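See below for the structure under consideration.
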Number of protein chains: 2
Amino acid sequence: MSTDQLTDEACGLRERKKRETRRALNLAALDLVEEKSYAAVTTEEIAARAGVSARTFFNYFPSKEAAVIGTTAEELEAYAASLEAPVEGESPLASLRRILAGMLAPTSVDRDLRAKRRRILLGEPSLAPALVGNNIRIENALTAALERRLGVLPGASLEPRLTVALAIAAVRACIEHQQNGGAGRLERNIDQAFDRIAAGLS
Amino acid sequence: MSTDQLTDEACGLRERKKRETRRALNLAALDLVEEKSYAAVTTEEIAARAGVSARTFFNYFPSKEAAVIGTTAEELEAYAASLEAPVEGESPLASLRRILAGMLAPTSVDRDLRAKRRRILLGEPSLAPALVGNNIRIENALTAALERRLGVLPGASLEPRLTVALAIAAVRACIEHQQNGGAGRLERNIDQAFDRIAAGLS
DNA sequence: CTGCAATTTTGCAGTCACTGCACAATCGGC
DNA sequence: GCCGATTGTGCAGTGACTGCAAAATTGCAG
């Protein structure tokens with residue numbers, strides 16, 4: 001199965017339980033934020049709903065923010081791998097468009113969780129600072145991947161990091177635009193934004 | 001004097017004292033972070049060095065991060081005004097290049113404080129998440145200004161926000177590049193980055 | 001210069017995120 | 001079933017941040 005990479009990589013009982021606990025915490029966090037609001041949720045509640053102790057919460061996530069956002073190292077690696085191995089005739093920017101749009105699309109595996117994520121990350125403006133902080137991780141992972149793809153040493157050229165940063169910023173701008181009641185639909189705006197980047201702007 | 005806008009706008013004793021306290025807190029925060037590290041500094045220390053109570057600290061800044069970053073509403077307004085009133089024959093992107101580069105340059109008023117800021121914001125990677133969070137404020141202010149300059153209603157078009165977001169992301173990418181030991185000098189890289197944005201990339 | 005109203009400062013008590021540490025529980029391999 | 005290693009948990013503590021009410025300061029009018 002193609003989903004094996006994301007769900008069952010190393011299949012000891014230990015690994016599986018960790019995965020489940022992490023997922024339960026992420027899910028509990030998302031549900032609670034949806035019921036109340038980000039500020040009104042405590043880490044103790046999240047831990048309780050996930051069925052672990054308050055202390056264990058911090059064995060899985062370094063902060064409350066991280067638990068709500070929930071990006072795993074595996075997801076990051078998957079995105080990086082997808083960027084590193086280019087699709088036939090696809091420019092770096094086109095790859096980034098595909099990958100970043102895929103992060104928002106609830107069409108892949110884990111449909112309900114992804115949909116919930118999207119709903120909350122788009123709907124809770126108070127998470128914006130945490131989200132852009134998380135984007136740094138994504139930027140670093142994707143930059144390293146693009147450097148490998150282009151065969152340049154890390155930091156040797158500004159171009160890979162710049163390309164990744166602009167792509168992420170474009171998506172973020174579309175999200176912000178959406179949250180502020182801006183015109184247009186999200187996916188369509190993202191497409192337009194990438195077209196603008198490719199064409200250059202003034 | 002041309003510096004009046006930033007230093008003496010409303011010159012009651014009350015206003016002046018508030019300004020001084022704010023500045024003292026920002027300066028104390030920067031100095032302490034430079035002496036130790038961001039994590040090792042407490043808000044109590046900052047307040048003590050600035051000569052105010054621990055409680056008063058939070059009357060001036062909503063968080064420790066904000067005290068270190070120290071962007072004032074007036075600075076934001078000044079940048080916005082500078083973007084709104086276009087210079088002869090300067091494209092929006094060119095205006096943004098000038099304004100954002102000016103934020104990093106210690107050549108304007110308040111030379112020592114600006115230089116200290118620059119040194120710390122470039123040298124303390126643990127501040128990166130806070131910085132990008134702060135960038136949201138800057139993005140919103142500049143977006144609104146650009147919308148006014150272009151004569152479009154807020155949120156009517158994606159373009160203003162996209163332009164601002166890309167410009168900020170470019171500068172941030174250059175800073176990150178610098179911090180990771182990347183090639184080239186900062187100012188030069190920023191120039192190149194803006195040229196790439198204008199020309200389009202793949 | 002003097003009292004009055006508005007603003008600002010401060011102390012206090014409290015909540016909550018987060019951490020180190022020591023110990024208990026659990027798991028994987030033998 | 002046993003042992004080493006990993007993981008879960010309780011406890012105690014630090015520090016960021018908040019609301020509240022009293023005290024100090026400022027601007028102003030008389």
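In this text, all values refer to a predicted model and were calculated from it rather than measured experimentally. We use all heavy atoms of the structure for the numbers below, so side chains are in, but hydrogens, waters and symmetry mates are not. Residue numbers start from 1 in every chain, and the chains themselves are labelled A, B, ... in the order their sequence lines are given, proteins ahead of strands.
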Legend entry - Contacting residues from residues 36-61 of chain B, given that a heavy atom lies under 4.0 angstrom of DNA chain D: B/Val41, B/Thr42, B/Thr43, B/Arg55, B/Phe58

Inset, instruction - Could you tell me whether A/Glu187 and A/Arg118 make a salt bridge, using a distance below 4.0 angstrom between a side-chain N and a carboxylate O? - result: yes

Inset, instruction - Examine C/dT8: is either OP1 or OP2 under 4.0 Å from a nitrogen or oxygen in the side chain of B/Lys18? Give yes or no. - result: yes

Legend entry - Close side-chain approach of B/Phe61 and B/Thr43, heavy atoms under 4.5 Å: no

Legend entry - Partner set under side chain to side chain donor-acceptor pair (under 3.5 Å) for B/Glu84, not counting sequence neighbours: B/Arg148

Inset, instruction - Would you sort out whether A/Ser82 and A/Arg98 count as a side-chain hydrogen bond (donor to acceptor under 3.5 Å, both in side chains), showing the intermediate values? - result: CA-CA 10 Å; A/Ser82 177; A/Arg98 175 175 50 78; 3.3 Å; yes

Legend entry - Value in whole Å for how far the P atom of D/dC17 lies from NZ of A/Lys64: 13 Å

Inset, instruction - With sequence neighbours left out, write down each residue that passes side chain to side chain contact (heavy atoms under 4.5 Å, CB included) with B/Ala165, or none if nothing qualifies. - result: A/Ala173, B/Glu139

Inset, instruction - Figure out the CG/C1' separation between B/Leu25 and C/dT9, and round it to whole Å. - result: 12 Å

Inset, instruction - Taking the side chain as every heavy atom from C-beta outward, state whether B/Leu146 and B/Glu159 have any pair of such atoms under 4.5 Å apart. - result: no

Using nucleotides 27-30 of chain C, report all nitrogen or oxygen pairs with the protein that are shorter than 3.5 Å.
{"residue": "C/dC27", "atom": "O2", "partner": "A/Arg14", "partner atom": "NH2", "Å": "3.3"}
{"residue": "C/dG28", "atom": "OP1", "partner": "A/Leu13", "partner atom": "N", "Å": "2.8"}
{"residue": "C/dG28", "atom": "OP1", "partner": "A/Arg14", "partner atom": "N", "Å": "3.0"}

Pair up each side-chain donor or acceptor in residues 128-135 of chain B with any protein partner under 3.5 Å, not counting sequence neighbours, and list the distances.
{"residue": "B/Asn134", "atom": "OD1", "partner": "B/Arg137", "partner atom": "NH1", "Å": "2.9"}
{"residue": "B/Asn134", "atom": "ND2", "partner": "B/Thr71", "partner atom": "OG1", "Å": "3.1"}

Legend entry - Sequence-distant partners of B/Asn140, side chain to side chain donor-acceptor pair (under 3.5 Å), two or more places apart: B/Arg161

